[in-house]
Asker: 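Sharing a structure below in structure tokens format, with a few things to ask.
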Amino acid sequence: MDKRTQRLEQADRSLELNSQQLSGLLDTVLERLGPHLDSIDTQDAWQPPVTGQRPDNVLPAQGLPIEQVLDDLFEQRLFPAYNPASPGYMAYIPGGGLVHSAVADLIANIVNRYVAVWQTAPRLAELEMEVIGWFRQMLKLPDTASGFLTTGGSLANWSAVVTARRCRLPEDFLNGMIYTSDQAHHSIARAASLAGFPQANLRLIKSDGDYRASLEHLRQLIEEDRQAGQRPFMVVGHAGTTNTGAVDDLQGLAEICQQHELWFHVDAAYGGAFMLTERGQQAMAGIEQSDSVTLDPHKGMFLPYGTGCLMVRRLEDLYAAHAVDVDYLPQMQDDPYRADICQISPELSRDFRGLRVWLPIQAFGFDTFRNYLDEKLDLAHWATRQLQDIPAIEVMAAPQLSILAFRLKPDGLSEDKLTKLNEVFLKRINGDTQRVCLSATRLDGSFAIRICIVVFRTHLDRVRECLELIRQAAEELTGALGESLTGS
Ligand SMILES: *Cc1c(COP(=O)(O)O)cnc(C)c1O
């Protein structure tokens with residue numbers, strides 16, 4: 001045998017694990033992951049970032065023992081961090097982290113199938129479309145509707161704007177106008193920009209006292225733009241705004257869209273999953289008339305980060321926006337049940353993210369998710385009633401779903417002073433124990449503290465603890481304020 005053949009005979013095979021090695025690896029992982037999982041309740045809900053020493057960033061030429069690698073990860077790097085896995089995490093809009101999804105990812109990544117082209121893994125591509133079919137039913141969309149899984153709501157909103165543009169505007173689209181509420185998630189503005197629209201083509205509809213887009217103002221904007229020679233083509237309604245969880249009058253928006261032949265997109269990234277509940281269905285009535293819907297299973301379905309979804313009323317619209325002819329890929333399909341995901345979405349190679357959704361839903365059933373979501377709605381209402389009993393607390397936004405906003409508002413303070421007071425208030429609530437993490441926003445210019453309950457591990461005990469922390473901090477701050485007013 002010549003030297004070169006000999007070298008090939010002895011090629012490095014260390015990447016190729018067998019089942020026994022996998023087992024050993026998983027045991028080593030579980031030695032750390034197990035205690036981590038069991039201690040989530042007692043872990044801090046958040047920790048402030050610390051500016052550590054920058055690592056040397058030496059390129060690792062040789063491998064290290066896995067124990068050492070995992071120790072570095074678990075002991076040095078998991079914290080400091082905000083902890084969206086914690087039941088005390090009620091900030092922003094947290095993602096979930098179902099363990100069954102992690103197991104699904106393990107399976108998906110080891111079997112390593114290519115699902116973006118139907119032919120290359122037909123039963124698995126169909127599995128992903130099965131998930132899309134469940135979401136279609138959940139949102140009460142017609143049989144013609146379909147969609148695809150994205151990495152998140154931002155990507156879904158972007159594809160929605162591109163699809164609407166392709167289906168409703170000519171190639172020369174720069175006079176196309178998009179309308180959304182002043183409470184819109186910022187990903188809508190980014191989507192419009194990424195889809196090629198000048199900033200001025202995104203028009204903000206004023207929201208009303210309940211933070212819902214004003215239908216009156218929308219009609220006015222459309223009229224103004226028409227008069228100015230612009231071309232209105234898309235309205236983005238919200239089913240659960242990020243600030244307060246407000247749900248627009250989707251029925252009303254749908255009617256305006258129908259009348260003016262506009263594409264009606266609903267950003268239900270946060271709220272969509274609540275369609276499993278009766279209250280959610282009532283709040284979001286009209287969503288079934290939309291042309292497209294953004295959904296974030298990594299929020300309301302408690303999945304790990306990286307799982308969004310865009311649903312579109314007519315599958316052919318997704319083809320119109322995304323399909324491209326290629327010579328070097330297998331034959332694409334015509335049958336809608338054999339969708340080639342790469343032809344209806346912006347990605348080609350991607351993870352098999354459908355399994356991450358499919359497996360936990362198969363294992364627990366939608367009823368379990370409904371139970372959890374109903375509980376979150378109840379918890380938000382419970383927290384609101386408790387807040388209303390605390391002196392000097394103003395509930396600024398009662399929950400329409402599972403988000404609410406409030407502030408401390410003692411008499412006689414200017415807006416500036418109120419902002420300063422509430423910044424300290426929030427620091428006290430979050431900081432003293434790190435048992436809860438709340439975040440803030442601005443509502444009509446005023447500083448507002450939010451409670452957002454969508455972590456599946458959040459139950460009454462932690463919400464009660466949160467309210468206790470709020471009550472204590474409110475008493476201390478208003479007490480101190482009283483002293484400084486009556487004192488010298
Ligand atoms: C979270 C959210 C988004 C963005 O979704 P990502 O998954 O973070 O990209 C968009 N719209 C709304 C209403 C959201 O709540």
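As the structure lists them, so they are numbered: ligands from 1, and atoms in each ligand from 1. The first residue in the sequence is number 1, and the count goes up from there. Note that these values count all heavy atoms, side chains included, but never hydrogens, waters or copies made by symmetry. It should be emphasised that the depicted structure is a prediction, and the values quoted were computed from it without experimental measurement.
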Asker: Roughly how far apart are K376 NZ and N371 CG, rounded to 0.5 Å?
Answerer: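 Between atom NZ of K376 and atom CG of N371 there are 10.5 Å.
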Asker: Return the residue, atom name and 0.1 Å-rounded distance of the protein heavy atom closest to atom 6 (P) of ligand 1.
Answerer: G153 N, 3.3 Å
Asker: I need the M275 CE to L295 CG distance, nearest 0.5 Å.
Answerer: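 M275 CE to L295 CG: 10.5 Å, rounded to 0.5 Å.
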Asker: Of all the atoms in ligand 1, which lie at a distance below 4.0 Å from a heavy atom belonging to G152?
Answerer: 7 (O), 9 (O)
Asker: If I apply the N/O under 3.5 Å rule, does H298 come out as touching ligand 1?
Answerer: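 Among all N and O atoms of H298, at least one is under 3.5 Å from an N or O of ligand 1.
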Asker: Look at atom 14 (C) of ligand 1 and say which protein heavy atom is nearest, naming residue and atom and giving the distance to 0.1 Å.
Answerer: K299 NZ, 2.9 Å
Asker: What residue and atom, counting heavy atoms only, is the protein's closest point to atom 4 (C) of ligand 1, and at what distance?
Answerer: H185 CE1, 3.4 Å
Asker: Under 4.0 Å from any heavy atom of G240, which atoms of ligand 1 are there?
Answerer: 13 (C)
Asker: Taking the side chain from N422 and the backbone from L408, do they hold a donor-acceptor pair closer than 3.5 Å?
Answerer: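 Such a contact is found between N422 side chain and L408 backbone.
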Asker: Could you tell me which atoms of ligand 1, counted from 1 in the order shown, lie closer than 4.0 angstrom to a heavy atom of T242?
Answerer: 12 (C), 13 (C), 14 (C), 15 (O)
Asker: Report, in ascending order of atom number, the atoms of ligand 1 lying under 4.0 Å from any heavy atom of D296.
Answerer: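 Counting atoms of ligand 1 from 1, those under 4.0 Å from D296 are 1 (C), 5 (O), 6 (P), 7 (O).
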Asker: Compute the ring centroids of H100 and F364, then answer whether they are less than 6.0 Å apart.
Answerer: yes
Asker: Whether R113 engages the ring of F352 as a cation-pi pair (distance to the six-membered ring centre under 6.0 angstrom, angle to the ring normal within 45°) should be assessed.
Answerer: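 Checked: cation-pi criterion not met.
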Asker: List every atom of ligand 1 that sits less than 4.0 Å from any heavy atom of I93, numbering the atoms from 1 in the order shown and giving each element.
Answerer: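 So the atoms of ligand 1 that pass are 15 (O).
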Asker: So, is A269 polar-close to ligand 1, with some N/O to N/O distance under 3.5 Å?
Answerer: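 Between A269 and ligand 1 (N or O atoms, distance only) the closest approach is not under 3.5 Å.
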Asker: Side chain, backbone, both or neither: which part of N157 has a heavy atom under 4.0 Å from ligand 1?
Answerer: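 It is the side chain that gets close, since no backbone atom is under 4.0 Å.
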Asker: Heavy-atom distance to atom 9 (O) of ligand 1: which of S187, S154, G308 wins?
Answerer: S154
Asker: Taking the ring of F197 and the ring of F233, is the distance between their centroids below 6.0 Å?
Answerer: yes
Asker: In chain order, what residues pass the side-chain hydrogen bond (donor to acceptor under 3.5 Å, both in side chains) check against H238, with sequence neighbours excluded?
Answerer: none
Asker: Grab the two heavy atoms, one from R168 and one from W263, that are nearest each other, plus how far apart they are.
Answerer: NH1-N, 3.4 Å
Asker: Nearest protein heavy-atom contact for atom 11 (N) of ligand 1: which residue, which atom, what distance?
Answerer: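 So the nearest neighbour among protein heavy atoms is D267 OD2, 2.6 Å.
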Asker: Can V312 and D291 be said to form a side-chain contact (heavy atoms from CB on, under 4.5 Å), step by step?
Answerer: CA-CA 6 Å; V312 170; D291 293 293; over 6 Å; no
Asker: Are any of the N or O atoms of T241 closer than 3.5 Å to those of ligand 1?
Answerer: no
